[in-house]
Structures are given as C-alpha cells and as structure tokens.
Amino acid sequence: MTSVLTLEDVHVRYGGSHVLQGVSFEVPDTGVTALLGRNGVGKTTTLKAVLGLAPRTGTIRVRDREVQGERTHRIVAGGVGYVPEDREVFGGLTVDENLRLVDQASGVDAPIVGELFPDLVARRHQRAGTLSGGQQQMVSLARVLLRDNDLLLVDEPTKGLAPKLVTEVADVLARVATTTPILLVEQNLPLVRRIADTVVVLDAGTVVHRGDAAALVEDPELTTELLGVSMRAKGAA
C-alpha cells in the first residue's frame with residue numbers, strides 16, 4: 001500500500017522541551033489512521049509539525065513532496081487540510097460567511113455541504129458564535145472539505161460533544177475517508193474502533209505501537225498498557 005504521508009525521525013523542541021523524539025510512521029493513502037496516546041505525549045504537536053506550525057527537524061513527505069522546509073500556507077495549498085481541536089470558527093460571521101472564506105462563489109450552497117451537513121444549510125444566516133459545539137465542529141469540517149485535499153489532519157473532533165453528535169461526526173468522517181485519507185487524533189476508542197483502519201500510538205514523544213485499529217482497541221490489556229484505558233472502561237461503540 002502506498003503512503004500519503006511519511007514522517008522519518010521527526011523531532012520538535014520548544015525551548016528546553018524535547019516534545020517529539022524521532023517520530024517515524026506512514027499514513028496509508030486510504031482510510032483513517034488514528035494517532036493515539038495519553039495526554040501530552042505529542043499527538044497535536046505531530047499534526048502541527050506536518051503543517052509547519054511547530055519547529056521541526058527530520059523528513060516529512062506528502063506524497064513524494066518533502067514539506068518540512070515549507071511554510072504552512074504552501075503545505076495547505078499543496079493539499080493538506082487541517083481541522084484543529086478548538087475548531088476556530090469566526091464567531092461574528094454567519095455559517096455561510098465562514099464557508100465563503102474558502103469558497104467565495106458557493107459557500108453553504110456547495111454540493112458537499114448539502115450532502116454532508118444539511119443542518120448548516122438550514123442555519124446559513126446564523127452567527128457561528130451562537131452555534132453549539134457540535135454545530136461549530138460541522139462548520140470547521142465543512143470549511144476544510146470545500147478544498148481539494150490529498151490528506152486531512154483532524155484533531156479530536158468529538159471532544160466535548162454529546163453522544164448523538166459524536167455519531168454524526170463519525171458518520172461524516174467515515175464518508176470522507178472513502179475518498180480522502182485522514183490522520184485522526186482521537187481519545188474516543190469506540191469511534192476509533194468504528195472508523196479507523198490503522199493506529200499509531202505515541203508515548204513520551206516516540207512511536208511505541210503501530211498496527212490494526214480493531215486489534216488494539218479490542219485488546220483490553222494492550223489498551224491499558226499503551227493508553228491507560230480500555231474498551232471495558234469506555235463502553236461499547
């Protein structure tokens with residue numbers, strides 16, 4: 001299987017902190033790869049390293065293009081979409097205005113928005129700052145999907161959401177992954193079991209496990225060892 005993203009011996013240092021310590025892994029060019037680990041082990045930093053938002057050394061390739069020396073806007077323009085953990089919608093703008101920042105001609109009327117996010121079409125004139133957390137997450141996802149992407153980096157999209165909205169976000173990500181590979185940072189193990197194909201586990205800034213997603217999350221001893229939690233604690237999907 002070919003890879004859409006390759007990291008080789010990637011290091012990130014902030015001041016005296018050595019956050020990533022030689023991270024190496026590949027993301028297949030299909031499906032969802034889940035990046036897992038306890039809090040503070042470097043998952044978000046890994047995404048930011050790919051995007052040039054963290055000072056990094058090593059080799060990072062998207063397809064066959066080395067991007068570690070490029071600025072963030074060039075990496076994004078080259079086909080890497082990013083959905084940040086804090087969503088970063090423009091609260092004073094309407095839903096439609098948020099989307100027209102990416103697609104000036106169509107905004108909320110773009111076909112993919114109507115297909116995946118019908119609730120946003122109904123809320124086109126509502127200011128994004130008055131939306132629920134789940135609705136803001138949908139705006140953030142819709143915004144990045146209005147671009148043509150070779151790869152999506154998605155950081156904890158279900159954090160703080162009610163179970164119903166978690167299911168809706170999972171549905172969207174699963175559908176998107178049929179055409180665009182996703183590197184997903186997520187703590188929700190039932191969601192990982194449902195939509196992820198492969199997993200990469202970080203601990204203390206290094207890769208400690210790679211493998212099949214289902215095999216990991218269905219092994220309570222291994223999930224407890226690597227993540228400090230198991231599916232028994234998380235419950236069913």
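Applying the side-chain contact (heavy atoms from CB on, under 4.5 Å) criterion to L101, with sequence neighbours excluded, gives F90, L93.
Cluster membership for L47 and V207, using ILVMFWY side-chain heavy atoms within less than 4.5 angstrom, is shared. Under the 4.5 Å side-chain contact rule for hydrophobic residues, L153 and L35 share a cluster.
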Test salt bridge (charged side-chain N to carboxylate O under 4.0 Å, His left out) on E156 and K43 and set out the steps. CA-CA 10 Å; E156 296 209 41; K43 303 185 298 295; 5.1 Å; no

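When atom types are taken as modelled, the side chain of R210 and the backbone of V199 share no donor-acceptor pair closer than 3.5 angstrom. Under a 3.5 Å cut-off, the side chain of H73 and the backbone N or O of I75 do not form any donor-acceptor pair.
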Show which side-chain atoms of residues 50-61 pair as donor or acceptor with protein atoms under 3.5 Å away, not counting sequence neighbours.
| unit_1 | atom_1 | unit_2 | atom_2 | d |
| --- | --- | --- | --- | --- |
| R56 | NE | A49 | O | 2.8 |
| R56 | NH1 | Q68 | O | 2.8 |
| R56 | NH2 | V67 | O | 3.1 |
| R56 | NH2 | Q68 | O | 3.1 |
| R61 | NH2 | E8 | OE2 | 3.1 |

Distance-only check: which donor-acceptor pairs under 3.5 Å involve side-chain atoms of residues 76-87, not counting sequence neighbours?
| unit_1 | atom_1 | unit_2 | atom_2 | d |
| --- | --- | --- | --- | --- |
| E85 | OE2 | K159 | NZ | 2.5 |
| R87 | NE | Q137 | OE1 | 3.3 |
| R87 | NH2 | K159 | O | 3.0 |

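In this structure the side chain of V192 never reaches within 4.5 angstrom of the side chain of N188, judged on heavy atoms. Residues L184 and P157 meet the side-chain proximity criterion, which asks for heavy atoms closer than 4.5 Å. At a threshold of 4.5 Å between non-hydrogen side-chain atoms, the residues M138 and L116 do not count as touching.
The shortest non-hydrogen separation linking D96 to S106 is OD1-O, 4.2 Å.
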